[in-house]
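Just so it is clear: chains get the letters A, B, ... in the order the sequence lines come, proteins before strands, and each one is counted from 1. Values below: all heavy atoms of this structure, side chains included; hydrogens, waters and symmetry mates excluded.
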2 protein chains.
Amino acid sequence: MENSLSLTEENYIKAIFQIGTTPESNVSTNALADSLQTKPATVSDMIKKLSYKKLIFYEKYKGVALSESGSKEALKIIRKHRLWEVFLVNHLNFKWDQVHEIAEQLEHIKSSELVNRLDDFLGNPTIDPHGDPIPDAKGRVQLGPSKLLSEMTSHEKGIIVGVKNEDPLLLQHLDKINIRLGLQIEVTEVNDFDQSMQVKLPDLGIIFLSKKITSQILITKNS
Amino acid sequence: MENSLSLTEENYIKAIFQIGTTPESNVSTNALADSLQTKPATVSDMIKKLSYKKLIFYEKYKGVALSESGSKEALKIIRKHRLWEVFLVNHLNFKWDQVHEIAEQLEHIKSSELVNRLDDFLGNPTIDPHGDPIPDAKGRVQLGPSKLLSEMTSHEKGIIVGVKNEDPLLLQHLDKINIRLGLQIEVTEVNDFDQSMQVKLPDLGIIFLSKKITSQILITKNS
DNA sequence: ATTAATTTTTAGATTAATCTAAAAGTTTAG
DNA sequence: CTAAACTTTTAGATTAATCTAAAAATTAAT
Ligand SMILES: [Mn+2]
Ligand SMILES: [Mn+2]
Ligand SMILES: [Mn+2]
Ligand SMILES: [Mn+2]
């Protein structure tokens with residue numbers, strides 16, 4: 001079973017998982033090259049290898065999608081990434097904008113025993129510090145339905161449950177304006193011209209948010 | 001400062017540190033090949049690279065020794081290895097025979113912020129689960145004087161403070177016969193013929209130990 | 001002090017991951 | 001439906017880490 005993936009292979013599998021919205025949608029060579037900060041030629045070579053190893057389905061010029069075993073691997077890596085992020089924030093007092101890079105390294109540590117013990121140690125968390133769901137040991141994720149703040153209309157209410165990406169500058173800005181997961185939020189006004197919003201938050205009162213920010217914040221679907 | 005070492009380079013630096021007893025003693029190409037489970041030809045290539053990077057002193061056919069910066073790197077890696085071992089044993093409930101392999105991976109995670117926060121989280125431990133001293137953030141180690149149990153004579157007393165290597169089979173055997181760090185031990189008899197010993201331990205009474213085991217157990221020098 | 005044994009280095013290949021440049025295939029626009 | 005634009009693949013090189021086989025240097029034994 002010479003099974004174990006190289007660090008590079010793991011990063012490709014994870015990127016394919018994260019770019020492909022549905023398991024169906026094929027991921028393009030260029031999208032992968034962008035995401036992995038490499039060149040399309042490099043990607044072409046690597047997807048041939050992953051295809052040979054049956055981790056992905058691949059037809060020339062038609063992009064790739066993860067196979068069953070590919071998805072399983074991706075979920076294992078994502079599980080590790082997010083559990084380590086919880087550890088870093090909850091136990092080592094890192095801020096949510098500081099953990100992604102370190103978790104990018106820790107997600108490649110190979111020991112299922114370690115992951116499962118870490119999971120228990122952390123109290124089997126279901127979401128990571130950014131609101132992303134943590135797959136369980138069998139790869140199952142429970143994802144509450146959510147929508148973007150930018151998709152909400154005036155007078156709608158909800159609870160902030162996540163952020164769409166982990167750009168440290170975004171996260172630091174959210175810290176600065178005191179926005180964090182779990183807050184009740186109410187849209188008080190939407191400006192059609194630039195889609196900026198005014199929203200009401202507990203204690204903070206009414207604050208102004210640009211489209212750039214509202215399009216990164218996830219809100220519960222039914223509140 | 002394109003400074004950062006590759007995983008392979010780190011493993012060489014660590015091996016050189018651990019084989020070289022004193023900073024003076026040169027480490028041979030073959031010793032490194034053995035320790036790193038590779039071939040002498042491979043080692044010859046790598047030490048040229050490390051020498052070029054000024055991490056080691058090297059003269060052809062005369063072996064290598066770590067430079068100041070090489071030693072610093074080695075101590076950083078060892079610090080990480082041992083801190084992670086403490087984490088695994090104290091917080092994830094691993095046994096002392098299960099942690100070395102995982103720590104071999106974790107020691108390569110790059111983030112000084114992480115190491116220092118981990119150190120604090122663990123309560124700034126000074127020894128790892130095998131009794132080995134943990135270098136502090138500046139690379140300083142405080143090593144209490146110790147000797148091997150096999151070097152003790154009849155009626156000598158001491159406290160078990162460490163094990164010389166981390167072979168899981170040795171560690172499991174010590175568990176089985178209830179030997180662990182911190183125990184008071186007294187040599188009751190030494191058999192000259194095979195250098196086996198009888199020793200007295202609290203609660204356990206008198207037990208028999210072969211030379212193979214007594215030569216792996218470290219005891220306080222002055223009790 | 002030669003010779004034999006051992007150690008170390010060099011020479012030449014291989015594999016994984018990467019790149020640039022060019023060729024081939026697919027999509028989009030007139 | 002062709003032609004331009006874009007995407008993807010192939011061809012050929014490069015770098016890090018590794019190997020085997022052979023040459024060179026050192027060390028040990030007569
Ligand atoms: Mn992350
Ligand atoms: Mn996250
Ligand atoms: Mn260890
Ligand atoms: Mn140890």
Side-chain donor-acceptor pairs of residues 120-128 of chain A under 3.5 Å, sequence neighbours excluded:
residue: Asp120(A); atom: OD1; partner: Asn124(A); partner atom: ND2; Å: 3.0
residue: Asn124(A); atom: ND2; partner: Asp119(A); partner atom: OD2; Å: 3.3
residue: Asp128(A); atom: OD1; partner: His130(A); partner atom: N; Å: 2.7
residue: Asp128(A); atom: OD1; partner: Gly131(A); partner atom: N; Å: 3.1
residue: Asp128(A); atom: OD1; partner: Asp132(A); partner atom: N; Å: 3.1

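- For Glu9(B) and dT15(D), the CD to P distance is 16 Å, given to the nearest whole Å.
- Taking atom CD of Glu59(B) as the reference point, atom P of dT9(C) lies 11 Å away to the nearest angstrom.
- Note on Thr42(B): a base of the nucleic acid sits closer than 4.0 angstrom, heavy atoms only.
- With respect to Leu149(A), the side-chain contact (heavy atoms from CB on, under 4.5 Å) criterion is satisfied by exactly one of Leu209(A), Ile179(A), Ile160(A): Leu209(A).
- With hydrogens and angles ignored, the 3.5 Å screen pairs a side-chain donor or acceptor of Lys80(A) with a backbone N or O of Glu107(A).
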Using a 4.0 Å heavy-atom cut-off, write out nucleotides 2-8 of chain C from 5' to 3' as B (base contacted by protein), S (sugar-phosphate only) or - (no contact). -----SB

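- Protein atom CG of Leu36(B) is 11 Å distant from nucleotide atom P of dC19(D), rounded to whole Å.
- Within the 4.0 Å cut-off from OP1 or OP2 of dA16(D), not a single side-chain nitrogen or oxygen of Thr8(B) is found.
- One atom, CG of Asp34(A), and another, C1' of dT8(D), lie 14 Å apart when rounded to the nearest Å.
- Atom CD of Glu151(A) sits in a crowded spot, with more than 12 heavy atoms from other residues, nucleotides or ligands closer than 6.0 Å.
- Rounded to whole Å, the distance from CG on Asp45(A) to C1' on dT14(D) is 14 Å.
- Residues Lys110(A) and Gln105(B) approach most closely at N-OE1, 2.7 Å, considering heavy atoms.
- Atom NZ of Lys48(A) and atom P of dT8(D) are 14 Å apart (whole Å).
- In this structure, His91(A) and Phe87(A) have parallel ring planes: the angle between them is below the 30° cut-off, well short of the 60° mark.
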